[in-house]
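A short write-up of the structure that comes next.
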Amino acid sequence: MQNDTIHLDLAELTLEGRAALVSCGQDVKRGQRIAISSSPGLGDLHSPVAGKVEHVDPFRIRIKADGEGEVEPVELNSLKGEGLLAALRELGADLPMAPSLNTLIINGVDEEQGIGSRRKMLASHQPTLERGLSAVQAIYAPAQTVLAVLKDSEHSLAGTASVEIAAKYPSGLDPLVALAATGKEAPEDALVLGLETVFQAGRIMETGLPAMETVVTCGDSQFLVAVGTPAGAILAKSGQTPKDRDRIVLGGVMRGTAASSPRQGVSKKTSAVMLVKNPTPVALDAPCVGCGQCVQHCPARIDPSMITSYAEFGMYDKAEAAHIDSCFECGICGYYCIARRPMLQYIRLAKCELAKAKAQAGEEVAQ
Amino acid sequence: MRPLQPLALTVSAPPHRHCGVTVRGRMGNILLAMAPAVVMAVASFGVSGFRVMAMAVAAAILTEAVCDKFMDRETQIHDLHAAVVGLSFAFLLPASAPWWLAAIGSAISIVLGKMVFGGLGGSPFCAPLIGWAVCRLSWPLFMDLDASMLNVELTYPLAQLKNFGLGFVSVTDLGQLFMGRQLGGLGAVQIAGVLIGGLYLILRKHISWIIPVGVIAGALITAALFNAADPNVYAPATFHVLTGSMMFGAFFLATDGPSSPNRRIPMLLFGLLIGVMIIIIRVYGVYPDGTPFAILLASLFTPVFERIRPKPFGVR
């Protein structure tokens with residue numbers, strides 16, 4: 001593990017819907033809260049470096065590292081339940097609310113092939129994971145905790161039962177892991193947490209400082225990096241150089257986000273930084289040709305062709321009626337689409353619009 | 001090219017990897033799969049067969065380009081779908097079809113079978129069948145294989161069966177039928193070539209095996225039932241499968257994407273319905289070969305079949 005070998009001159013933090021608390025030119029300490037989250041399942045954001053805020057826009061905060069100082073550690077050992085949850089979220093752990101929980105599932109399977117970050121955490125950070133595990137168990141008080149691991153892997157965590165997951169995409173995605181662990185599709189009394197979230201909770205518990213690190217895979221190796229480390233720096237570390245028209249992908253190739261610049265930083269949930277060099281087709285604004293490949297391959301058994309066509313024409317209510325909520329965004333429809341439609345993008349657009357409409361309707365009812 | 005400064009990355013929606021099959025690739029493969037039957041058709045009917053195919057393909061491509069022009073949009077003829085439609089239509093014509101019939105039918109296939117629905121993917125029917133149906137009803141004399149092919153020594157077994165009865169069918173040897181020694185649609189009756197192409201498409205996963213198996217199984221079962229009822233009147237099941245455009249329909253027409261169901265059980269039912277309808281039309285209908293009408297009819301049922309679907313993930 002090459003720790004702190006990537007020197008951070010400049011950190012770029014992606015807000016992902018959080019509200020920035022700092023403005024340009026402001027000095028920040030290491031660990032200072034710079035953005036606050038209002039959505040469940042998303043913790044607050046903290047500066048991984050001490051320095052000066054260089055740039056703030058609705059999507060990102062850029063901080064130049066040229067300062068000194070670090071925030072004081074927080075005492076967490078006395079907290080339990082909701083108090084601990086609130087404290088950890090404030091310190092940046094992406095922990096959702098969950099009222100009554102039967103099964104807590106820790107997803108230790110890397111979502112896609114070619115990513116080894118969670119495996120690496122299981123192999124090299126057992127004490128941190130155990131610390132994080134006891135923290136999340138203290139929060140959610142589940143009747144049982146299950147660790148999902150790759151089939152034939154040796155890893156385990158004290159205090160958890162293990163369930164083996166086949167090494168075949170998309171088996172490692174949260175909803176399918178929940179199915180494997182509980183035998184039920186979309187179980188109501190179960191919660192799936194990614195291993196990196198447990199790792200970050202463990203880090204917070206150990207240090208009393210906010211979550212500012214994650215493990216990312218780049219090339220064949222894994223790096224423990226600060227959140228906000230530019231993707232380009234990680235690529236350079238692993239000996240890869242992006243060229244014009246390449247894609248830098250934050251996350252796996254099936255689901256990840258294409259970075260807009262090599263400066264874009266990794267987030268707490270970024271599992272990998274990939275350089276896609278092949279001339280893989282960029283999605284086209286093409287109509288559905290009705291070949292049916294997406295329907296045949298969809299692991300959620302929905303009809304992506306109809307749903308994306310509804311989304312294309314703004315008929316989001318029909319997309320909802322066609323069970324868009326069952327989709328867990330594996331991206332397989334787009335992989336097989338012979339018309340190269342941006343399938344996943346249409347689905348995410350429709351989901352986003354539906355959520356917005358619901359939030360608005362909720363506000364109207366509240367008035 | 002001069003390198004862009006600063007670095008210009010490609011940004012696009014996930015997935016960032018693709019299976020590599022494109023519309024053009026698929027259509028190209030379908031054309032390749034039709035090649036053996038094309039060769040056999042030329043060997044069997046000579047230059048007249050080639051003439052019909054060339055005319056139909058050219059008319060289809062030209063018609064689509066003109067439609068795109070009028071619809072004021074970028075033409076998609078490079079995706080080769082128009083060529084597939086034109087060639088499929090030609091496969092259903094007699095080799096004696098006059099040039100205008102091939103051209104008009106092919107144009108109608110494109111206009112009424114594809115472009116009025118907005119292009120590829122919009123049509124509820126397999127495009128070449130629309131052209132075939134219009135021609136069959138409008139110019140029955142020219143579409144009639146028996147009347148137009150008197151100068152060839154090949155015979156049309158299905159017409160003999162329809163008009164004179166089982167005893168008067170001159171070629172009943174399955175090997176002969178398999179090698180295309182029969183009249184019918186000029187490419188569709190090249191059973192061996194069609195079968196090779198169909199198997200190629202299945203192996204390359206361009207079409208599902210379910211629909212062809214459904215069609216053939218449906219036809220075999222229905223024909224076997226009739227044959228068992230009275231073997232002197234009703235032809236054996238194998239005879240039905242190896243005559244007319246049954247095989248071509250099963251592998252190339254019924255598997256047309258937008259007009260066929262997408263899930264397994266609906267696909268099987270769709271195939272079975274086609275197979276059953278082909279035999280029923282052949283036995284009771286006025287048309288010797290029921291394949292095109294059977295597929296058109298089954299396409300109407302596609303939305304109904306599509307209602308048979310599994311529960312989506314997590315829905316209780």
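Protein chains get the first letters and strands the later ones, always in sequence-line order, with residue 1 at the start of each.
We find the SG-CG distance between Cys298(A) and Asn262(B) to be 12.0 Å, quoted to the nearest 0.5 Å. Here the CD1-CG distance, from Ile338(A) to Asp79(B), works out to 9.0 Å after rounding to the nearest 0.5 Å. Separation of atoms NZ (Lys243(A)) and CG (Leu9(B)) is listed at 12.5 Å; rounding is to 0.5 Å. Atom NZ of Lys311(B) and atom OG of Ser326(A) lie 11.0 Å apart (nearest 0.5 Å). Ser12(B) OG to Leu284(A) CG: the interatomic distance, rounded to the nearest 0.5 Å, is 10.5 Å.
Side-chain contact, Thr22(B) with Arg340(A): no donor N or O sits under 3.5 Å from an acceptor N or O.
For a residue to count as touching a neighbouring chain, one of its non-hydrogen atoms must lie under 4.5 Å from one of that chain's; by this rule Arg17(B) touches chain A with backbone and side chain alike. When heavy atoms are compared at a cutoff of 4.5 Å, Arg255(A) approaches chain B solely by way of its backbone atoms N, CA, C and O. Only the side chain of Val276(A) comes within contact range of chain B, judged by heavy atoms closer than 4.5 Å. For Glu329(A), no part lies near chain B; criterion is any non-hydrogen pair under 4.5 Å. For a residue to count as touching a neighbouring chain, one of its non-hydrogen atoms must lie under 4.5 Å from one of that chain's; by this rule Asp325(A) does not touch chain B. Residue contact with chain B, scored on non-hydrogen atoms closer than 4.5 Å, involves the backbone of Cys288(A) exclusively. Of the atoms belonging to Arg316(B), it is side-chain heavy atoms, and not backbone ones, that fall under 4.5 Å from chain A.
Of all the listed residues (Ile302(A), Asp246(A), Leu344(A)), the one sharing the greatest number of non-hydrogen pairs under 4.5 Å with chain B is Asp246(A). Of the listed residues Ser123(B), Pro261(B), Gly121(B), the one with more heavy-atom pairs under 4.5 angstrom with chain A than any other is Gly121(B). With respect to chain A, the highest number of heavy-atom pairs below 4.5 Å among Pro15(B), Ser260(B), Gly257(B) belongs to Pro15(B). Per-residue counts of heavy-atom pairs under 4.5 Å with chain B were compared for Pro242(A), Pro342(A), Pro287(A), Ala283(A); the largest is that of Pro242(A).
Taking every heavy atom of both residues into account, His16(B) and Gly256(A) meet most closely at NE2-O, 2.9 Å. In this structure, Val11(B) and Ala259(A) approach most closely via the heavy-atom pair CG2-O, 3.7 Å. Gly314(B) and Arg301(A) get closest at one heavy-atom pair: N-NH2, 4.5 Å. Considering every non-hydrogen atom in both Phe313(B) and Pro299(A), the closest pair reads CD1-O, 4.4 Å.
Within 6.0 Å of CZ on Phe301(B) lie no more than 12 heavy atoms contributed by other residues, nucleotides or ligands. Dense packing is recorded around CZ of Arg73(B), with more than 12 heavy atoms of other residues, nucleotides or ligands lying under 6.0 Å away. A 6.0 Å sphere centred on CG of Asp57(A) holds more than 12 heavy atoms belonging to other residues, nucleotides or ligands.
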As a quick check of understanding, evaluate side chain to side chain contact (heavy atoms under 4.5 Å, CB included) for Val282(A) and Thr10(B), giving each step before the final call. CA-CA 8 Å; Val282(A) 172; Thr10(B) 300; 3.7 Å; yes
Please evaluate residues His323(A) and Arg309(B) with respect to the criterion side chain to side chain contact (heavy atoms under 4.5 Å, CB included), reporting the C-alpha separation (whole Å), side-chain torsions for both, the decisive distance (0.1 Å), and the verdict. CA-CA 12 Å; His323(A) 296 285; Arg309(B) 54 195 164 205; over 6 Å; no
For Arg263(B) and Asp303(A), run side chain to side chain contact (heavy atoms under 4.5 Å, CB included): C-alpha distance rounded to whole Å, both residues' side-chain angles, the deciding distance at 0.1 Å, then the answer. CA-CA 10 Å; Arg263(B) 296 184 195 278; Asp303(A) 185 338; 4.0 Å; yes
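Pro14(B) is not listed as a side-chain neighbour of Met254(A), based on a closest heavy-atom distance of 4.5 Å or more. Between Lys205(B) and Gln293(A) there is no side-chain heavy-atom pair separated by less than 4.5 Å.
For residues 174-194 of chain A, the interface with chain B (any heavy-atom pair closer than 4.5 Å) comprises Pro175(A), Leu176(A), Leu179(A), Glu185(A), Ala186(A), Pro187(A), Glu188(A), sorted by residue number.
For the pair Asp244(A) (side chain) and Ala8(B) (backbone), a donor-acceptor distance under 3.5 Å is present.
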